[in-house]
*Asks:* 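Here it is, the structure in full.
Each chain gets a letter, A, B and so on, in the order the sequences are listed, and its residues count up from 1.
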Protein chains: 4
Amino acid sequence: MPEQAADVSEQAPGVDERAASAHRQGPVRSEAARVAVLEATSKLFAERGYERLTMEGVAAEAGVSKQTIYRWWPSKGALVSDCLLQGQLFPNRFTVPNSGELRHDLTAWLSAILALLGQPQGELLVRSLIAASVENADIGRRLHESLGASRSLTERFEIAIADGQLAADARLEEIGEAIVGALLLRALSRTESSDDSIQRLLDAVLGPAQAKG
Amino acid sequence: MPEQAADVSEQAPGVDERAASAHRQGPVRSEAARVAVLEATSKLFAERGYERLTMEGVAAEAGVSKQTIYRWWPSKGALVSDCLLQGQLFPNRFTVPNSGELRHDLTAWLSAILALLGQPQGELLVRSLIAASVENADIGRRLHESLGASRSLTERFEIAIADGQLAADARLEEIGEAIVGALLLRALSRTESSDDSIQRLLDAVLGPAQAKG
Amino acid sequence: MPEQAADVSEQAPGVDERAASAHRQGPVRSEAARVAVLEATSKLFAERGYERLTMEGVAAEAGVSKQTIYRWWPSKGALVSDCLLQGQLFPNRFTVPNSGELRHDLTAWLSAILALLGQPQGELLVRSLIAASVENADIGRRLHESLGASRSLTERFEIAIADGQLAADARLEEIGEAIVGALLLRALSRTESSDDSIQRLLDAVLGPAQAKG
Amino acid sequence: MPEQAADVSEQAPGVDERAASAHRQGPVRSEAARVAVLEATSKLFAERGYERLTMEGVAAEAGVSKQTIYRWWPSKGALVSDCLLQGQLFPNRFTVPNSGELRHDLTAWLSAILALLGQPQGELLVRSLIAASVENADIGRRLHESLGASRSLTERFEIAIADGQLAADARLEEIGEAIVGALLLRALSRTESSDDSIQRLLDAVLGPAQAKG
DNA sequence: AGCTAATCGAGACGGTACGTCGGGTCTTAGA
DNA sequence: TCTAAGACCCGACGTACCGTCTCGATTAGCT
């Protein structure tokens, strides 16, 4: 991935740094190996979750030696984090639609997330991401950015303010955190989120649904 | 877990079941061992977190054999979960004060939680609980109960409704989840919660602070 | 091997020490595992030699976990040494025959040793023992005892002195060392020992063959 | 080893072969690199012994790439063997002095060898050479030549025969082998050779010291 | 001067084995 | 019958070297 490497300032481990580095003798990092490792990680993460993902499994799946993994990623957390950054584990950001009606859009957005959480491997994925966040600060930060404080969500809120559907002084970031945080809490406690409970959650953070008939 | 566990519906693993059981031959479960295990677990959990807590460490610290632990608790997760239930890891419920002013009381309550999160070992503790929740559904459920959906919080909300400080149709449970979920998300991403951000969070779920001035 | 353990003073690692130890709770070392490990070691040593013998191979062959090996033997050298002591690698002592004629007996004895050295796996065995001796002092000592300074050889010399076939002040131990050392040197340099060269070696240490015709 | 090695019968790997080669384009083997590798090998061999000598260590110490080593020497054994041949590891041959009295000269010669064996790093050196001989036939052969069957020793014996100090039919080569072999055997078993034991060894192979008083 | 071919350093690569750690099960002896 | 002690199998960890390979830079003879 030569092209986008340059414009990303905070590079995760495992990201190609050739462009930035001065000329150096010798062979260059094998792109094939890098990609194979990331793909193997994604695959095994999806299959087994974070805890049961093993470096040896990744190495075997990728057809790569363990040492090659450890050469570029210092730990399992860093590897998974890098995978996440590349959008290989998790849709990089769920885009919030814009139909003109905020509440409707948020419901659609949450439904998409819940559709993921609803399937067994989706729940595993999310819980695994949480586990990974616990071990690795980077992953946590990215999870936060991908969901709670995502640009997509904030932008939708800004439109809503312009529309008058949201108060001008609404706490955009905190509303996002509250919604996503509640979902995470439910994921942790294996509490299912029914459609009703989603509506109630939106009631809580947006105020009660108005003019419902 | 021994045979008499089956007929006891609500008991967590590790809870002393002597009272419930009928007459039986042989020595009875050693209370000293049970307590020693729980205390050792608390201590080591606080020191090292969930991941780096080892059953061997617990056994050694408690002066107990590993088998004695496994006889009564089926797994590490169950042991930690039990500890949590006993309130040995985590203040069982942060009681929400009642001064008459809801927002003030929630601020105080959140401050208490944040005081815990602020110290380094408090953060470790919370993240470890999250990690434990990932592995063990019971722990997740209890974490949920202790915090988001805690009786203490709900009761305080009910008082607020009676007082007129909260709308009668407010989504009590969801408000709690939203608040705690947001904190959890921040804990995962190592984002500090300033006093300001707490206020903004309360703004988001309770509506903006009224008549401030 | 309970019976002979008691009378061996200098116990090697891996030797059963139950008799000597005080009463202790808990399970006792698994005899089956011990034997399986030693047999696997012998087999693999014979097949692959010392250098290419691996602990993982031994564990797999013995159907034992690596940890069980490391629990009882601190290193590969110690394990092989123990095997040697048990006579599992190498006939514990080549007994020197006694036909009345010393030179004839020594020739027979050397022939037996050379027969072993002559076959490819015999050479490997001996060179591997040498390699093992380099790494592990115990093995060296036992190799020395089994061959150069072996009781069997010394006893045969003593008979020869009584018979008048050897001078009363002959340096028994050194003669043994000289013979075995010469063989060793040849093994190291891959020099074959012809029958002739054996005779010349005996000439060198016993004096020239008398009255040959 | 490059292609022109085939036509050179006696050359060891790593020996400079420029003179023998035909016209060829491109740069020629770097003498500096060759010398640096050999010196690094000597140094590390002395410090750590054969087993713990690593090619990577040699490359680093010599300031040379691994490939440069492997280009010229096919294996660790070959490299060490070459070092030995150059007399960099081991005095190429301990010359046997000639004072007119054979036994006296051999004692002096053995003392020199024992002086080396007596010091800890000398023992390591010898044991390492033995280990290297096990792995590499060339090294074994050279060890044999340098010591047991050394020209210097045989020549001294021939003088002794001329002097009448040794029987005309004495087995010169075997006597050398016996002496040196006994020393090796002792080195392997970590048995110290006292002055006395040296004399007894000479008694064994030369016949008892005559007219000692 | 340019071309060609082999050198050199650096070091990435797939492997194998190391020795350690921890999980959860099983066995024994004593209370 | 329960307990403490701890041996057992299993699987994963992260490290060390192996010997091969691939680069870019350099160098020396040949055209």
*Asks:* Side-chain contact, heavy-atom cut-off 4.5 Å: Val58(C) with Glu61(C)?
*Replies:*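 Val58(C) vs Glu61(C): side chains apart.
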*Asks:* Cation-pi check for Trp72(C) against Arg29(C): NZ or CZ below 6.0 Å from the six-membered ring centre and within 45 degrees of the axis, yes or no?
*Replies:*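 Judged by the rule, Arg29(C) and Trp72(C) form a cation-pi pair.
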*Asks:* Between atom CZ in Arg29(A) and atom C1' in dA10(E), what is the gap in whole Å?
*Replies:*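 Nearest whole value for this atom pair: 17 Å.
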*Asks:* Does Ser30(A) or Arg48(C) map to a spot on DNA chain E nearer the 5' end, using the closest nucleotide for each?
*Replies:*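 Result of the comparison: Ser30(A).
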*Asks:* Pair Tyr50(C), Arg127(C) - check side chain to side chain contact (heavy atoms under 4.5 Å, CB included), show working.
*Replies:* CA-CA 9 Å; Tyr50(C) 182 77; Arg127(C) 279 213 306 281; over 6 Å; no
*Asks:* Look at Ser65(B) and dA5(F) and indicate whether a side-chain polar atom (N or O) is within less than 4.0 Å of OP1 or OP2.
*Replies:*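 Indeed not, no polar side-chain atom of Ser65(B) lies that close.
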*Asks:* Give me, pair by pair, the N or O atoms of the protein and of nucleotides 24-27 of chain E that are less than 3.5 Å apart, along with how far apart they are.
*Replies:*
unit_1	atom_1	unit_2	atom_2	d
dG24(E)	OP2	Tyr70(B)	OH	2.6
dG24(E)	O5'	Tyr70(B)	OH	3.3
dG24(E)	N7	Lys66(B)	NZ	3.0
dG24(E)	O6	Lys66(B)	NZ	2.5
dC26(E)	N4	Gln67(B)	OE1	2.2

*Asks:* On DNA chain E, check which nucleotide each of Ala62(D) and Glu51(B) is closest to and give me the residue with the more 5' one.
*Replies:*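 Result: Ala62(D).
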*Asks:* Ile69(B) near the nucleic acid: base, sugar-phosphate alone, or nothing, with a heavy-atom cut-off under 4.0 Å?
*Replies:*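 The residue Ile69(B) makes no contact with any strand.
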*Asks:* With heavy-atom distances below 4.5 Å as the criterion, would you say the side chains of Glu39(A) and Gln86(A) are in contact?
*Replies:*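 Side-chain contact under 4.5 Å: no.
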*Asks:* Evaluate the side chain to side chain contact (heavy atoms under 4.5 Å, CB included) criterion for residues Leu79(D) and Phe45(D): first the C-alpha distance (whole Å), next the side-chain angles of each, then the deciding distance (0.1 Å), finally the verdict.
*Replies:* CA-CA 11 Å; Leu79(D) 173 58; Phe45(D) 189 94; over 6 Å; no
*Asks:* Expressed as a whole number of angstroms, how long is the span from Leu79(A):CG to dC13(F):C1'?
*Replies:*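 In whole Å, dC13(F) C1' lies 15 Å from Leu79(A) CG.
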*Asks:* Answer yes or no: does a side-chain N or O of Trp72(B) lie under 4.0 Å from OP1 or OP2 of dC2(F)?
*Replies:*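 No, Trp72(B) has no side-chain N/O under 4.0 Å of OP1/OP2 on dC2(F).
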*Asks:* Roughly how many Å is it from CD in Glu135(A) to P in dC13(F), rounded to a whole number?
*Replies:*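 To the nearest whole Å, that distance equals 11 Å.
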*Asks:* Roughly how many Å is it from CH2 in Trp73(D) to P in dG19(F), rounded to a whole number?
*Replies:*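 From Trp73(D) CH2 to dG19(F) P: 15 Å.
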*Asks:* Can you tell me if Ser81(B) uses its side chain to pair, donor with acceptor, with the backbone of Gly77(B) under 3.5 Å?
*Replies:*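 No: the side chain of Ser81(B) does not pair with the backbone of Gly77(B).
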*Asks:* Would you kindly compare Arg52(A) and Val64(C) by the position of their nearest DNA chain F nucleotide and give the one closer to the 5′ end?
*Replies:*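 In this pair, the answer is Val64(C).
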*Asks:* Could you tell me how far apart Glu31(C) (CD) and dC8(F) (P) are, to the nearest whole angstrom?
*Replies:*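 After rounding, the reported distance stands at 11 Å.
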*Asks:* With a 4.5 Å cut-off on side-chain heavy atoms, are Leu53(A) and Val80(A) touching?
*Replies:*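 Counting from C-beta outward, Val80(A) and Leu53(A) do come under 4.5 Å.
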*Asks:* By the 4.0 Å heavy-atom rule, please label Gly57(A) as base, sugar-phosphate, or nothing.
*Replies:*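 Result for Gly57(A) = nothing.
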*Asks:* Between Arg71(A) and dC13(E), does any side-chain N or O lie under 4.0 Å from OP1 or OP2?
*Replies:*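 It does, given that an N or O in the side chain of Arg71(A) lies less than 4.0 Å from OP1 or OP2 of dC13(E).
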*Asks:* So, does Thr68(A) get its side chain near the phosphate of dG14(E), meaning an N or O under 4.0 Å from OP1 or OP2?
*Replies:*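 Result: yes.
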